[in-house]
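Inspection log for the structure reproduced underneath, given as structure tokens.
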Protein chains: 2
Amino acid sequence: MHTDELTTQQKIKYVQDTLYVIAGKWKLPIMIAISFGHSRFREIQRAVPDITPKILSKELKELKTNKLVMRKVYDTYPITVEYTVSSYCKSLKPVVDEMINWGQNHRVKVAE
Amino acid sequence: MHTDELTTQQKIKYVQDTLYVIAGKWKLPIMIAISFGHSRFREIQRAVPDITPKILSKELKELKTNKLVMRKVYDTYPITVEYTVSSYCKSLKPVVDEMINWGQNHRVKVAE
DNA sequence: GATACCAGTTTCCCAAAGGATACCAACTAT
DNA sequence: ATAGTTGGTATCCTTTGGGAAACTGGTATC
């Protein structure tokens with residue numbers, strides 16, 4: 001909100017904190033996929049192009065550790081695992097929306 | 001703007017494009033430092049905590065290649081090099097502002 | 001009986017990112 | 001003379017991120 005009142009160093013610190021959470025090629029894509037209804041492991045894998053199960057598994061663990069996604073196991077017959085995003089993860093929406101916007105315009109710009 | 005009309009896969013694509021540009025620990029901090037008036041090499045180095053000259057040099061080259069920052073050399077006696085951000089870089093402001101915001105609230109949350 | 005789905009794990013590997021330390025030439029202030 | 005400033009380079013090293021391929025055990029389908 002009051003970003004104009006911060007020093008350069010404070011802004012850098014906050015941005016680095018945010019970068020630390022969303023860093024890497026896959027964390028945001030995975031969170032986007034889950035938040036749009038892809039809750040099962042294979043569903044997420046299909047929704048996020050080119051991700052391997054090993055990477056997906058590792059990233060999901062990290063996201064769970066950082067309280068960004070939740071994992072629920074249902075004791076059904078084939079066994080069902082459901083991933084959902086936390087409200088904390090949802091608070092990233094403004095950041096993600098701006099990134100989607102910028103990426104979209106970036107594509108347009110590059111295509112010119 | 002019309003992010004609601006995009007498919008999950010398109011959103012993921014755009015976010016990955018954006019991530020690709022701002023990826024890494026240092027690119028955004030450097031751009032922030034420059035955009036807030038730290039235009040000289042050593043100034044930037046002082047403004048961005050813990051960055052080494054080698055990393056700074058490398059990142060500045062990449063940012064210059066991607067048209068995000070400009071480099072001007074003045075033929076003065078100690079020699080003066082001035083870095084400025086491009087208007088393209090300035091278009092990232094909404095993204096960065098949201099990241100500053102989120103990082104700030106994140107700190108508050110962690111401190112609770 | 002063979003194949004496919006589920007949710008992953010295991011192993012082995014490579015490239016890129018990042019960091020520590022030292023150094024350079026030219027100039028200036030003490 | 002000595003130390004500090006300027007804008008960087010050079011060398012070496014460790015960490016991390018990511019990827020390919022195969023495999024697991026249980027169930028369900030063809």
Side-chain angles (χ1 to χ4, degrees), chain A residues 12-13 15-34 37-66 68-85, chain B residues 12-13 15-34 37-66 68-85:
Chain A
I12 290 175
K13 212 172 200 29
V15 167
Q16 282 185 323
D17 287 348
T18 304
L19 277 174
Y20 184 78
V21 172
I22 67 176
K25 199 175 170 180
W26 301 113
K27 285 196 183 60
L28 278 184
I30 291 169
M31 287 190 264
I32 292 171
I34 297 175
H38 304 272
S39 54
R40 313 284 299 280
F41 189 89
R42 294 288 180 188
E43 269 178 14
I44 301 167
Q45 199 186 334
R46 279 189 295 266
V48 181
D50 299 327
I51 197 165
T52 63
K54 176 197 146 189
I55 306 269
L56 180 54
S57 173
K58 195 200 75 190
E59 299 283 325
L60 283 171
K61 274 177 196 162
E62 285 180 35
L63 291 171
K64 194 187 154 198
T65 300
N66 293 322
L68 289 161
V69 312
M70 278 115 64
R71 195 184 108 114
K72 267 185 201 161
V73 182
Y74 296 94
D75 222 0
T76 52
Y77 313 110
I79 204 177
T80 312
V81 180
E82 218 180 75
Y83 291 94
T84 47
V85 295
Chain B
I12 290 175
K13 214 173 197 28
V15 167
Q16 282 185 324
D17 287 349
T18 304
L19 278 174
Y20 184 77
V21 172
I22 67 176
K25 198 174 169 181
W26 301 114
K27 286 196 183 59
L28 278 184
I30 291 169
M31 289 189 263
I32 292 171
I34 297 174
H38 303 272
S39 53
R40 313 287 298 279
F41 189 90
R42 295 288 181 190
E43 269 179 14
I44 301 167
Q45 199 187 333
R46 281 189 294 268
V48 181
D50 300 325
I51 197 166
T52 63
K54 177 196 147 189
I55 305 268
L56 180 54
S57 173
K58 196 200 74 189
E59 299 282 326
L60 283 170
K61 273 178 196 162
E62 286 180 34
L63 291 171
K64 194 187 155 198
T65 300
N66 292 322
L68 289 162
V69 313
M70 280 115 63
R71 195 184 109 114
K72 268 186 200 159
V73 183
Y74 294 94
D75 223 1
T76 51
Y77 314 110
I79 204 178
T80 312
V81 179
E82 218 180 75
Y83 290 94
T84 47
V85 294

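Keep in mind it's a predicted model, so treat the numbers as computed, not measured. Naming convention: chains lettered A, B, ... in sequence-line order (proteins, then strands); numbering from 1 in each chain.
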Nearest 0.5 Å please: distance from the [atom1] atom of [X] over to the [atom2] atom of [Y].
X	Y	atom1	atom2	answer
B:R40	B:I34	CZ	CD1	13.0 Å
A:L19	A:I12	CG	CD1	11.5 Å
A:L60	A:I44	CG	CD1	5.0 Å

Would you mind reading off the distance between [X] atom [atom1] and [N] atom [atom2], rounded to a whole angstrom?
X	N	atom1	atom2	answer
B:I79	C:dC24	CD1	P	19 Å
A:R71	C:dC6	CZ	P	16 Å
A:I30	C:dG8	CD1	P	12 Å

Begin from the C-alpha positions of A:I30 and A:V69 and carry the test side-chain contact (heavy atoms from CB on, under 4.5 Å) through to its verdict.
CA-CA 10 Å; A:I30 291 169; A:V69 312; 5.6 Å; no

Please evaluate residues B:F41 and B:Q45 with respect to the criterion side-chain contact (heavy atoms from CB on, under 4.5 Å), reporting the C-alpha separation (whole Å), side-chain torsions for both, the decisive distance (0.1 Å), and the verdict.
CA-CA 6 Å; B:F41 189 90; B:Q45 199 187 333; 4.0 Å; yes

Which pair of non-hydrogen atoms, one from A:I79 and one from A:Y74, has the smallest distance, and what is that distance?
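Minimum heavy-atom contact is CG1-O, 3.8 Å.
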
Interface residues of residues 39-64 of chain A with DNA chain C (non-hydrogen, below 4.0 angstrom)
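Only A:R40, A:F41, A:R42, A:R46, A:P53, A:K54, A:S57, A:K61 qualify.
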
Opening and closing nucleotides of DNA chain D in contact with chain A, under 4.0 Å to non-hydrogen atoms:
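Extent of the interface on DNA chain D: D:dG18 to D:dT27.
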
Sequence neighbours excluded, which residues qualify as side chain to side chain contact (heavy atoms under 4.5 Å, CB included) partners of A:K27?
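Testing A:K27 for side chain to side chain contact (heavy atoms under 4.5 Å, CB included), a comparison that skips the adjacent residues, returns A:M31, A:E59, A:E62, A:L63.
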
Base, sugar-phosphate, or nothing: which does A:Y83 touch, judged by heavy atoms less than 4.0 Å apart?
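Touches sugar-phosphate only.
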
Whom does D:dC30 pair with, Watson-Crick or G-U wobble, provided both distances fall under 3.5 Å?
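Partner of D:dC30: C:dG1.
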
Assess the residue pair A:L56 and A:V48 against the criterion (side-chain contact (heavy atoms from CB on, under 4.5 Å)); give the C-alpha distance rounded to whole Å, side-chain angles, the decisive distance to 0.1 Å, and a yes or no.
CA-CA 9 Å; A:L56 180 54; A:V48 181; 6.0 Å; no

